[in-house]
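The block underneath contains the structure these notes are about, expressed in C-alpha cells.
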Amino acid sequence: MDLLYVGLTHQNTPFSLLERAHFSDEEVDQALRALNQEKSIFETVIVSTCNRTELYLVVDQLHTGRYYAKRFLLNWFQLEAKEVDPCLIFKEADQVLEHLLRVSIGLESKILGETQILGQLKRAFARAQTVGTTGVILNQVFKQVMTFAKRMHEEYRINARPISIGLTAVQMLEQTDFDYSGKTVAVIGLGEIGQLVTKYLLKKPFEQIRLVNRTVSKAQYFLQDQRVQAFSWDQLEAAVADADVVFSAVKVGGYILFPTMLKESVIAFDLCLPRTVHPSEQMTLYTIENLSNQLEVYHEERREIANQIVLEIEDELVKYQEWQAQLGIVPLIRELREKALQIHATSLESINRKIPDLTEREQKQISKHMKGIVNQLIREPILQLKEMSVGERSDYDIALVCKLFGLKADRLGEDYDNN
C-alpha cells in the first residue's frame, strides 16, 4: 500500500480552473464514496478550499492509482486533460506526508503561516471518517499531521506576526504598554482597513470606541458592543477631541486631522496615503512608512520561523516510517492478545466449576483482577514486538518471539497487505 497525492493548488493553477475544480460541501460525501470505488484506491480524503483541490489517497499500485484519480477529477468536473495536465501535481510516499505537513502549518498558503487551513484539514478528515473512506493509514497520517501542526503553532506562534497594516498598528499600540482603562479610541473611516482595525480594537478593554464614517450605517454591525458609538462625518471633531488613540483609515486628498483638534498626548496611527494626520511634536504619530517597515520585519520573522519548522518535518517523516514498519506486526500483537484472553476465559471457567457458589459480584471481581494480571504479563512482550519490528534484526527477533509465545509467524504483514 502506498500514499498518493493528486492536486491542483493556487501556486500553479489559474483561478478560473480552481473555481471549476472545486467540491462543494453538498457533493463532498458523494465524491468521497465515488472516488473510493475507483480501481486501486483504498482510502480517500478530499481537501477542497478556495486555493486548493487535493486528493490524499492510499493505493495498491501507484501507476494505476494515478490514472484513476486523474480520470475521476476529469469526469467529475467535466474537464479536458489538456487544460488540467500542466497544473496537476502528483506526489508519492513520503512526499505526500511532507506536503501535508507543510500545508497544515500554512507553509503552502498564500499567507505564510496562516491557521485557517488547519481547520479546513480537520474538517476534511472528519468528513472522510464519517463517510468511511479512511483506514489505518490515512487515520495515522492525519492524526500525526494534526498533532504536529498544533505543536508547531504553540511552539513558534508564526501566526502571531501580523500580515496586515491594521493588525500591525494595533500590536504596535500594545507594545507601548498602553493602559486601556478609562481610555477612548476613535477610528476614522470604515473601509476594509478601518473595519479590520475595529474588529481588533473590540478585543481590547477600551472604555469607548468611536467610529466615524461618511455612511453611518456602516457602523451598525459594531453597535452590538455597548462601548461603540457611531459618528457622522460632520461630527469628526467631536469624535476625536478627547480621544486618547486615533486610527485614521480614510482616503482623502490631504490632512483632515490637525494638532488643534486632538489631545496633546494623543497616539495617532495614520494608515493612509496621502497622509491624513498633520504631524506635531506633542503627539505620538505612526505613519504608513513606520508600519510598513514593521510589517516587513514581521514577514521576515515568519520566513525565519518557516525555515525552522521545515527542519522539524524531517523528524515527522522518520516517525511515520517507523510506524509504517510496525504495521506488519499488528496481526501478531492481536494474536498475542487473543491468546491471553483465551487463557483468561478458560481459567475463569475452571474457577467457576471448582467454586460454583461464587456470587456474580465475586465472579466479576475475580475476572477483573485476572484480566489485570494478563494485561501486565503481555504488556512488555507487545512493547518489545513493536520495537523489534523496526530494528535491523527485525525478522530474526520477531521469529524468536513467535516461537516463544507459539504465534504464527506466517501472519506477519497480513493486515498491511490487506489494507
Side-chain angles (χ1 to χ4, degrees), residues 1-14 16-104 108 120-121 123-145 320-321 324 327 413-419:
M1 291 291 173
D2 293 292
L3 285 173
L4 175 65
Y5 163 91
V6 183
L8 298 166
T9 77
H10 66 92
Q11 294 173 330
N12 63 342
T13 307
S16 57
L17 178 55
L18 274 178
E19 195 174 30
R20 293 163 58 202
H22 175 78
F23 292 96
S24 67
D25 286 343
E26 294 74 22
E27 65 182 342
V28 168
D29 290 3
Q30 183 184 351
L32 283 165
R33 295 189 186 96
L35 179 55
N36 221 49
Q37 293 300 313
E38 294 284 353
K39 186 176 179 180
S40 283
I41 297 176
F42 287 79
E43 297 183 38
T44 305
V45 172
I46 295 175
V47 177
S48 192
T49 72
C50 298
N51 294 318
R52 62 186 69 250
T53 291
E54 300 181 323
L55 311 179
Y56 292 91
L57 311 169
V58 174
V59 300
D60 61 352
Q61 297 181 76
L62 285 168
H63 66 280
T64 309
R66 287 166 62 109
Y67 172 82
Y68 283 99
K70 174 183 170 182
R71 190 186 74 164
F72 168 80
L73 285 174
L74 296 179
N75 291 341
W76 189 271
F77 296 114
Q78 297 296 299
L79 299 170
E80 296 292 332
K82 61 183 180 183
E83 61 178 328
V84 173
D85 284 346
C87 308
L88 198 60
I89 302 170
F90 295 94
K91 295 180 185 291
E92 302 169 1
D94 285 354
Q95 294 177 341
V96 180
L97 179 56
E98 182 179 3
H99 174 77
L100 187 54
L101 288 165
R102 290 179 61 87
V103 168
S104 71
E108 297 293 327
Q120 293 167 332
L121 288 179
R123 288 190 291 275
F125 174 49
R127 194 80 171 263
Q129 281 189 307
T130 301
V131 174
T133 60
T134 66
V136 63
I137 296 178
L138 284 186
N139 285 342
Q140 170 64 24
V141 166
F142 272 83
K143 286 174 183 177
Q144 182 178 340
V145 166
Y320 177 72
Q321 289 163 1
Q324 203 173 28
L327 274 177
E414 176 182 294
D415 274 23
Y416 184 49
D417 290 337
N418 289 334
N419 268 307

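Every heavy atom of this structure was used, including side-chain atoms; hydrogens, water molecules and symmetry mates were not.
Aromatic ring orientation, Phe23 versus Trp76: tilted (interplanar angle from 30° to 60°). Ring orientation note: the planes of Tyr5 and His99 are tilted relative to one another, at an angle of 30° to 60°.
When all heavy atoms of Phe77 and Glu27 are compared, the closest pair comes out as CE2-OE2, 4.5 Å. Between Thr44 and Leu138 the shortest heavy-atom distance is N-CD1, 3.6 Å. Here the shortest heavy-atom pairing between Phe72 and Ala31 reads CZ-O, 3.6 Å. Closest approach of Asn139 to Gln129, counting heavy atoms only: OD1-NE2, 3.4 Å. Summarising the geometry of Tyr320 relative to Ile137, their closest heavy-atom pair is OH-CG2, 3.5 Å, with the distance given to 0.1 Å. Summarising the geometry of Ser48 relative to Thr53, their closest heavy-atom pair is OG-OG1, 3.5 Å, with the distance given to 0.1 Å.
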- Gln321/Asp94 under side-chain contact (heavy atoms from CB on, under 4.5 Å): CA gap, chis, key distance, verdict: CA-CA 8 Å; Gln321 289 163 1; Asp94 285 354; 2.5 Å; yes
- Should Arg52 and Gln120 be marked as a side-chain contact (heavy atoms from CB on, under 4.5 Å) after you check the CA-CA gap, both sets of side-chain angles, and the distance that decides it? CA-CA 11 Å; Arg52 62 186 69 250; Gln120 293 167 332; over 6 Å; no
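Looking only at atom types and distance, the side chain of Asn51 has no donor-acceptor partner in the side chain of Glu108 under 3.5 Å away.
Taking the side chain as every heavy atom from C-beta outward, Gln95 and Phe90 never approach each other to under 4.5 Å. Inter-residue side-chain proximity for Leu8 and Ile89 is flagged as unmet; no heavy-atom pair is nearer than 4.5 Å. A heavy-atom distance below 4.5 Å is found between the side chains of Tyr56 and Val103. Annotation: side chain of Leu62 is in contact with side chain of Leu4 (closest heavy-atom distance under 4.5 Å). No side-chain heavy atom of Leu101 sits less than 4.5 Å from a side-chain heavy atom of Gln144. Under the 4.5 Å side-chain criterion, counting only non-hydrogen atoms from C-beta, Leu57 is not in contact with Leu3. Using a 4.5 Å cut-off on side-chain heavy atoms (C-beta onward), Leu18 and Thr9 make no contact.
Looking only at distances, a side-chain donor or acceptor of Arg127 sits under 3.5 Å from a matching main-chain atom of Asp25. A donor-acceptor pair under 3.5 Å links the side-chain atoms of Asn12 to the main chain of Cys87, judged by distance alone. Using modelled atom types, one side-chain atom of Glu43 and one backbone atom of Gly135 make a donor-acceptor pair closer than 3.5 Å.
Atoms CG and CD, on Leu74 and Glu83 in that order, are 8.5 Å from each other to the nearest 0.5 Å. Rounding to the nearest 0.5 Å gives a distance of 6.5 Å between SG of Cys50 and NE2 of His22.
Here Arg66 pairs with Glu92 in a salt bridge; the nearest charged N to carboxylate O distance falls below 4.0 Å.
Paired with Leu73 under the rule side chain to side chain contact (heavy atoms under 4.5 Å, CB included), one option of Val84, Leu55, Leu35, Leu79 passes, and it is Leu55. The only option from Phe142, Phe125, Phe42 that meets the side chain to side chain contact (heavy atoms under 4.5 Å, CB included) definition with Thr134 turns out to be Phe125.
Annotation: Gln37, atom CD; neighbour count of heavy atoms from other residues, nucleotides and ligands within 6.0 Å does not exceed 12. Residue Gln30 places its CD atom among 12 or fewer non-hydrogen atoms of other residues, nucleotides or ligands, all under 6.0 Å distant.
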